S.K.: 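Structure below; questions to follow.
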Amino acid sequence: MDFISILSIFVLACFVGYYVVWSVTPALHTPLMAVTNAVSSVIVVGALIAAATSGLSASAGVSKWLGLGAVVLASVNIFGGFAVTARMLAMYKKKERAPSAAGAGSKAEGGKA
Amino acid sequence: MDFISILSIFVLACFVGYYVVWSVTPALHTPLMAVTNAVSSVIVVGALIAAATSGLSASAGVSKWLGLGAVVLASVNIFGGFAVTARMLAMYKKKERAPSAAGAGSKAEGGKA
Amino acid sequence: MMETAPPSWAMLSYLVSGVCFILALRGLSSPATSRRGNRFGMAGMALAVMTTLLLKAPVPAGDFLPQPTQADLVTLGQILAAIGFGGGIGFVTARKIKMTDMPQLVAAFHSLVGMAAVLVGWAAYLNPEAFGIAGADGIIHAQSRVEMGLGIAIGATTFSGSIIAFLKLAGKMSGSPIMIPARHVINLGTLLGIIGLVGYFTQDQGLWVIAVVTALSFLIGFLLIIPIGGADMPVVVSMLNSYSGWAAAAMGFTLHNTAMIITGALVGSSGAILSYIMCKAMNRSFLSVIAGGFGAAPEAGGGAAREQRPWKRGSAEDAAFLLKEAENVIIIPGYGMAVAQAQHVLREMGDQLKKHGVNVKYAIHPVAGRMPGHMNVLLAEANVPYDEVFELEDINGEFAQADVAFIIGANDVVNPAAKTDKSSPIYGMPVFDVDKAKTVMFIKRSMGGVGYAGVDNDVFYMDQTMMLLADAKKMVEDIIKALAH
Amino acid sequence: MMETAPPSWAMLSYLVSGVCFILALRGLSSPATSRRGNRFGMAGMALAVMTTLLLKAPVPAGDFLPQPTQADLVTLGQILAAIGFGGGIGFVTARKIKMTDMPQLVAAFHSLVGMAAVLVGWAAYLNPEAFGIAGADGIIHAQSRVEMGLGIAIGATTFSGSIIAFLKLAGKMSGSPIMIPARHVINLGTLLGIIGLVGYFTQDQGLWVIAVVTALSFLIGFLLIIPIGGADMPVVVSMLNSYSGWAAAAMGFTLHNTAMIITGALVGSSGAILSYIMCKAMNRSFLSVIAGGFGAAPEAGGGAAREQRPWKRGSAEDAAFLLKEAENVIIIPGYGMAVAQAQHVLREMGDQLKKHGVNVKYAIHPVAGRMPGHMNVLLAEANVPYDEVFELEDINGEFAQADVAFIIGANDVVNPAAKTDKSSPIYGMPVFDVDKAKTVMFIKRSMGGVGYAGVDNDVFYMDQTMMLLADAKKMVEDIIKALAH
Ligand SMILES: NC(=O)c1ccc[n+]([C@@H]2O[C@H](COP(=O)([O-])OP(=O)(O)OC[C@H]3O[C@@H](n4cnc5c(N)ncnc54)[C@H](OP(=O)(O)O)[C@@H]3O)[C@@H](O)[C@H]2O)c1
Ligand SMILES: NC(=O)c1ccc[n+]([C@@H]2O[C@H](COP(=O)([O-])OP(=O)(O)OC[C@H]3O[C@@H](n4cnc5c(N)ncnc54)[C@H](OP(=O)(O)O)[C@@H]3O)[C@@H](O)[C@H]2O)c1
């Protein structure tokens with residue numbers, strides 16, 4: 001991939017980002033913050049590359065451990081971010097289903113209404 | 001540019017196209033048809049490449065003339081498409097300006113209100 | 001010449017040109033920004049053309065590029081002449097065309113894009129080195145052959161299809177569907193033939209393959225469109241627009257050109273979405289439009305029932321009197337207004353009414369007329385400010401407060417059968433609730449005439465309806481005269 | 001290892017993963033599609049991780065890849081352990097966290113992304129060969145150095161900034177702005193230092209350069225956020241979210257990774273747009289938020305004036321009586337509802353009222369609470385169906401028909417000063433027209449307490465206003481009891 005290709009992808013992705021985010025309903029802005037958090041952990045790709053090297057030199061060894069550390073941090077985010085988003089989204093229900101369950105936030109992801 | 005880069009650009013451009021077109025106000029759907037017509041003449045790039053070759057072989061000579069023909073056709077579209085769009089868009093005015101000019105479609109491109 | 005990537009500055013400027021096209025369409029999200037948008041479009045096109053010339057044509061450019069030879073300068077002259085010649089025709093046409101002829105103009109322009117794509121495809125086939133798609137031995141890459149074949153096929157289909165659409169829309173050919181027997185079988189066969197040959201093309205670079213592909217594609221464009229009724233042409237035009245976009249994108253893949261790929265995706269989506277919007281607002285499936293035959297039988301039946309029910313006829317004076325007294329008037333224009341070219345007198349009538357203190361609004365149905373946005377463009381031409389023009393959802397609630405619903409050349413878009421009669425061809429299409437208005441005025445030429453869907457309309461026979469039977473322009477002129485008294 | 005492009009299948013699957021992320025955000029356009037969207041997000045992440053593992057880690061994959069050695073398997077084990085360990089912590093946290101603690105959770109998560117970016121940047125610096133960003137001589141490409149430096153700088157700023165935001169939001173640190181003298185000069189100096197060093201980094205690959213960049217970036221994140229008041233933190237969190245997106249994009253440029261670039265653009269836009277929406281709805285400029293100091297003085301003045309004007313106090317019984325008799329009730333929740341955790345009892349009250357035939361709707365201001373969408377998530381938690389919850393523009397016209405506007409823990413968002421008083425800090429912010437309702441009920445703990453903007457509210461003193469002074473949860477419980485009689 002040459003630089004211009006990457007730049008093109010980036011520019012178009014910015015347009016997509018602009019439109020996609022504006023089309024998010026305000027009621028779901030909190031889940032939006034949570035899910036963008038989760039997806040920004042795609043940095044884990046870099047972390048995995050570092051962690052996967054078999055350290056021959058000393059600095060490569062350090063790099064590997066830094067990578068593993070980054071994998072841990074990113075994983076907290078990935079699992080935490082998606083799980084908390086799923087938990088929030090499971091709570092948004094339509095009228096039909098409302099009167100059934102009471103009070104405490106049911107954590108089931110089942111609500112597809 | 002490798003194939004995957006081009007594919008990525010294409011996929012993202014489809015997303016952009018989807019969002020951009022849906023955000024066009026229905027009142028401007030006719031200008032939209034005219035302007036997409038004009039921009040699709042970007043095929044002129046291919047026509048120019050063909051027309052610019054100095055024909056050494058016989059087939060290259062034919063190719064050159066086909067290219068020139070395509071340049072003519074595409075140019076009709078480019079100038080026609082943008083001009084007719086500009087003419088249409090110049091007619092869309094806000095209330096303040098309406099009572100001044102009467103009847104016949106004023107072709108001036110000036111209306112920036 | 002081997003496949004060499006264009007230099008970075010050229011790739012960058014193609015990207016910028018693509019972004020300009022995005023901004024051009026983005027500008028259309030409101031009339032206020034639309035003109036700037038159009039200028040972005042022009043800038044993008046100018047950039048793409050200039051970049052290509054600098055890159056490929058032997059332009060004299062100081063010390064940066066090799067000095068052009070005499071032959072080179074001739075080439076450059078030819079190119080500029082071609083641009084000037086084509087551009088001149090396009091510009092003059094664009095200036096002269098009547099707004100009511102827009103549908104056929106768009107169809108005609110599409111056919112040109114289609115033909116240009118065919119020519120470019122052939123040029124690339126004949127001189128692959130110039131396009132950097134051939135190996136050292138002059139053999140074209142297999143992938144490029146597929147892209148080239150597809151580009152030519154889509155282009156040719158677009159060309160012949162658009163020509164038919166143009167002829168039907170311009171009334172130079174009967175709008176009624178022409179149904180060839182066994183046409184589905186023939187179409188399918190032709191289509192499979194094209195696909196098969198494009199596949200075979202990867203194996204055999206022979207001229208005959210691409211020639212047959214071209215011929216079959218011209219044929220299928222023709223075959224696909226002739227069974228479709230003239231009134232369904234707008235959907236077809238949009239669909240062909242979409243095709244031309246995908247053809248440009250295919251060419252962009254071949255040439256590794258970002259501007260073409262972005263444009264292709266934009267135009268492709270635009271056509272597809274407009275087709276979808278039209279079909280949805282007509283409550284017809286895209287397939288049923290493409291299968292053709294709509295508008296075939298000259299609307300038999302209903303005629304008898306129609307005459308038996310009582311209806312009231314009004315005169316221009318009656319209408320003027322009621323309009324003058326009204327507080328809120330909602331005007332619903334339709335296809336008949338375009339046919340009668342009544343938009344200018346209509347705006348004049350609106351001005352008169354405003355002087356009498358009447359509150360006048362225009363209500364536009366998404367498929368009023370024969371093209372998306374058709375009515376808006378005509379009203380804009382007549383200097384109706386766009387903030388007096390409302391879309392269906394925004395104004396449909398206001399009919400209960402309206403004293404007069406003034407229907408001028410519209411029919412299907414106010415037909416309540418769409419809400420109640422499951423057997424109606426327009427059942428399910430959203431319509432204006434004109435029955436809620438105190439008085440309904442309905443301009444059309446005769447009780448026998450029907451709308452696009454060819455069905456009777458209960459609004460004619462309502463108690464509060466006054467039928468104003470005349471040519472729309474004539475009737476509005478008479479109303480204006482009566483208002484003056 | 002030299003810079004070699006990853007194989008096509010990997011590039012393709014990174015593209016697919018990027019598209020999945022787009023679809024994940026796209027799903028959030030409505031609650032109905034949001035859950036599928038989230039699954040797309042998970043799928044995209046799983047794909048990105050798996051692709052990278054297949055590509056770089058020595059996974060046992062039959063004959064396709066070289067057999068892993070013993071050391072390789074250890075590495076794989078370490079990686080899986082790291083994912084399992086981190087993932088476990090994340091998952092448990094996500095399950096345990098209270099909905100009212102969402103703002104601080106998001107801030108905490110951001111800090112982790114920032115730190116991960118710093119670690120990856122350092123790892124790339126120490127082992128550039130693994131990332132394919134070094135020449136044969138182990139020298140890192142200049143462009144990669146800039147990208148790496150920027151990635152580390154943004155990541156470190158995000159980290160320390162988010163930590164402060166977390167501490168302030170969680171109440172573990174005073175929310176009041178801490179104003180260092182000459183802070184603008186210090187900040188500017190630090191910023192220039194970072195930029196200068198990143199530039200210098202292209203000349204000198206020394207460890208000290210990147211170490212100082214890292215340290216200064218940690219410092220600036222800290223310096224930038226401490227002068228900002230706790231209540232402005234949501235804008236800051238969004239801004240940091242945006243930063244973390246751009247950091248990911250920078251990393252994506254380095255690694256030529258489509259998934260990262262797309263994600264970066266998505267997250268970057270998301271944070272920027274949310275910040276913009278918040279600032280706009282508060283009618284404050286982004287710069288004024290970032291400059292800090294808001295909420296500094298403990299709202300002096302106004303106190304005297306406040307006491308002098310007459311106001312009416314109501315009891316839970318009074319409120320219950322009026323609510324029972326009402327036809328339309330609009331509930332306006334605000335920050336106080338979140339503080340009191342009153343959403344569950346509020347929904348219960350709504351159910352009771354519905355049994356009495358009252359029409360209950362919830363009205364949400366775009367900046368009600370302390371986070372975009374804060375109120376929606378709490379009401380959803382309490383099982384309020386989302387089709388009873390309306391946005392400002394959609395419901396503001398209905399107050400004229402409302403018998404009761406029930407304000408629970410909201411304040412600024414109903415303050416008419418925003419419409420009338422040019423000197424008010426909230427002037428220009430759109431607010432609910434509660435004064436049009438027949439009766440206004442206003443729950444807050446004391447007459448002295450103010451909202452986020454620290455200003456008095458004329459609604460307290462209106463004729464039709466009944467102040468219900470108590471903790472929101474307590475008051476609603478009392479109303480429910482009174483309704484039962
Ligand atoms: N807009 C689009 O994109 C699009 C695309 C495809 C199809 N369509 C279809 O087109 C139709 C549009 O509906 P519409 O309500 O606008 O029109 P319509 O239903 O086609 O009705 C046209 C009306 O105008 C009258 N008329 C024709 N010429 C006239 C003249 N010179 N003076 C006065 N009246 C005249 C006709 O009656 P007389 O003959 O008695 O005068 C008829 O009542 C819909 O069915 C829609 O589905 C629209
Ligand atoms: N949503 C966002 O994204 C965001 C971001 C940044 C800033 N903001 C700002 O936050 C504000 C939000 O406005 P708002 O109307 O929701 O809230 P607000 O103006 O901050 O008012 C909160 C109200 O709740 C009362 N309250 C607090 N705790 C309570 C309890 N336990 N029981 C009962 N009442 C309680 C307070 O009065 P007492 O103290 O007397 O009880 C006060 O009247 C806006 O100014 C907005 O600009 C929002």
Side-chain angles (χ1 to χ4, degrees), chain A residues 1 6 9-10 13-14 16-18 20-21 23-24 27-30 32-33 35-37 39-40 42-43 45-54 59-60 62-63 66-80 82-86 88-89 91-95 98 103 105, chain D residues 21 25-26 28-29 31 34-35 38 41-42 45 48 52 56-57 71 79 82-83 85-87 89-91 93-94 106 109 112-113 115-117 119-120 122-123 126-127 130 244-245 248 251 253 256 259-263 265-267 269-270 273 344 372-373 376-377 380-381 383 385-387:
Chain A
M1 277 195 175
I6 298 184
I9 292 172
F10 179 67
C14 286
V16 175
Y18 174 87
V20 160
V21 173
S23 75
V24 171
L28 294 176
H29 275 161
T30 301
L32 173 66
M33 293 177 86
V35 86
T36 50
N37 198 287
V39 302
S40 67
V42 73
I43 193 118
V45 167
L48 287 172
I49 294 176
T53 47
S54 29
S59 71
V62 176
S63 170
L66 291 179
L68 280 173
V71 171
V72 172
L73 296 184
S75 301
V76 174
N77 253 299
I78 295 175
F79 285 79
F82 284 120
V84 86
T85 311
M88 274 192 265
L89 294 179
M91 300 184 312
Y92 284 80
K93 292 191 196 78
K94 269 205 155 169
K95 205 169 233 144
Chain D
F21 294 149
L25 264 59
R26 179 169 157 64
L28 294 176
S29 59
S34 61
R35 282 172 281 266
N38 199 37
M42 296 181 200
M45 190 59 79
T52 314
K56 297 284 178 179
I79 289 177
I83 294 179
F85 178 60
I89 296 179
F91 193 72
T93 316
V106 170
F109 277 173
L112 299 181
V113 180
M115 196 61 198
L119 294 183
V120 171
W122 270 89
L126 291 172
N127 192 3
S244 72
M251 226 43 222
F253 269 83
H256 293 194
M260 282 172 127
I261 295 174
I262 294 180
T263 310
L266 287 176
V267 177
S269 320
S270 164
I273 291 177
H344 297 287
N376 303 80
V377 122
E381 185 196 11
N383 269 313
Y386 63 77
D387 35 8

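Chain letters run A, B, ... following the sequence lines, proteins first and then strands; every chain starts at 1. Every value quoted in this text rests on a predicted model; they were computed, and no experiment measured them.
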S.K.: Quick one: which of A/A74, A/G17, A/G69, A/A47 has the most heavy-atom pairs under 4.5 Å with chain D, could you say?
M.R.: A/G17
S.K.: Kindly give the heavy-atom pair with the smallest separation between D/A123 and A/G67, and that separation in Å.
M.R.: CB-N, 4.5 Å
S.K.: One pair to check against side chain to side chain contact (heavy atoms under 4.5 Å, CB included): D/N376 and A/L28. What are the steps and the verdict?
M.R.: CA-CA 7 Å; D/N376 303 80; A/L28 294 176; over 6 Å; no
S.K.: Between CG of D/N38 and CG of A/L89, what distance do you get to the nearest 0.5 Å?
M.R.: 5.5 Å
S.K.: Tell me, out of D/A48, D/A94, D/A265, who's got the most heavy-atom pairs with chain A below 4.5 Å.
M.R.: D/A94
S.K.: Please report the shortest heavy-atom distance between A/I43 and D/A248, naming the atom on each side.
M.R.: CD1-CA, 4.4 Å
S.K.: Do you know which of D/G245, D/A116, D/S29 has the most heavy-atom pairs with chain A at a distance under 4.5 angstrom?
M.R.: D/S29
S.K.: Can you name the closest pair of heavy atoms from A/A51 and D/I79 and give their distance?
M.R.: CB-CG1, 4.0 Å
S.K.: Shortest non-hydrogen contact from D/N127 to A/S63?
M.R.: CB-OG, 3.3 Å
S.K.: State, to 0.1 Å, how close D/I83 and A/S75 come at their nearest heavy-atom pair, and which atoms those are.
M.R.: CA-OG, 3.4 Å
S.K.: With under 30° as parallel and over 60° as perpendicular, where do the rings of A/Y92 and D/Y386 fit, or are they tilted in between?
M.R.: tilted
S.K.: Kindly say whether A/M91 contributes a backbone atom to a donor-acceptor pair with the side chain of D/N383 at under 3.5 angstrom?
M.R.: no
S.K.: Under a 4.5 Å cutoff for heavy-atom pairs, which residue among D/R26, D/M115, D/M260 has the most contacts with chain A?
M.R.: D/M260
S.K.: Name the region of D/I273, side chain, backbone, both or neither, that has any atom closer than 4.5 Å to a heavy atom of chain A.
M.R.: side chain
S.K.: Hey, which of D/F85, D/F91, D/F109 has the most heavy atom pairs under 4.5 Å with chain A?
M.R.: D/F109
S.K.: Taking A/T30 for the side chain and D/P372 for the main chain, is one N or O donor matched with an acceptor at less than 3.5 Å?
M.R.: yes
S.K.: Spell out, as yes or no, whether a donor-acceptor pair under 3.5 Å connects the side chain of D/R35 to the backbone of A/A86.
M.R.: no
S.K.: Step by step, would you call D/L266 with A/V21 a side chain to side chain contact (heavy atoms under 4.5 Å, CB included)?
M.R.: CA-CA 8 Å; D/L266 287 176; A/V21 173; 5.7 Å; no
S.K.: Could you measure the distance from the CD1 atom of A/I78 to the CG atom of D/L112? Nearest 0.5 Å is fine.
M.R.: 11.5 Å
S.K.: Can you tell which of A/V24, A/V71, A/V20, A/I49 has the highest number of heavy-atom pairs within less than 4.5 Å of chain D?
M.R.: A/I49
S.K.: Check whether D/S270 gets within reach of chain A through its side chain, its backbone, both or neither, counting any heavy atom under 4.5 Å.
M.R.: both
S.K.: Any donor-acceptor pair under 3.5 Å linking the side chain of D/T52 with the backbone of A/V45?
M.R.: no
S.K.: Is A/L32 close to chain D through its backbone or its side chain, or both, or neither, when contacts mean heavy atoms under 4.5 Å?
M.R.: both
S.K.: Count the heavy-atom pairs under 4.5 Å between each of A/N37, A/L73, A/V84 and chain D, then report the option with the highest count.
M.R.: A/N37
S.K.: List the atom of A/V42, the atom of D/F21, and the distance in Å for their closest heavy-atom pair.
M.R.: CG2-CE1, 4.0 Å
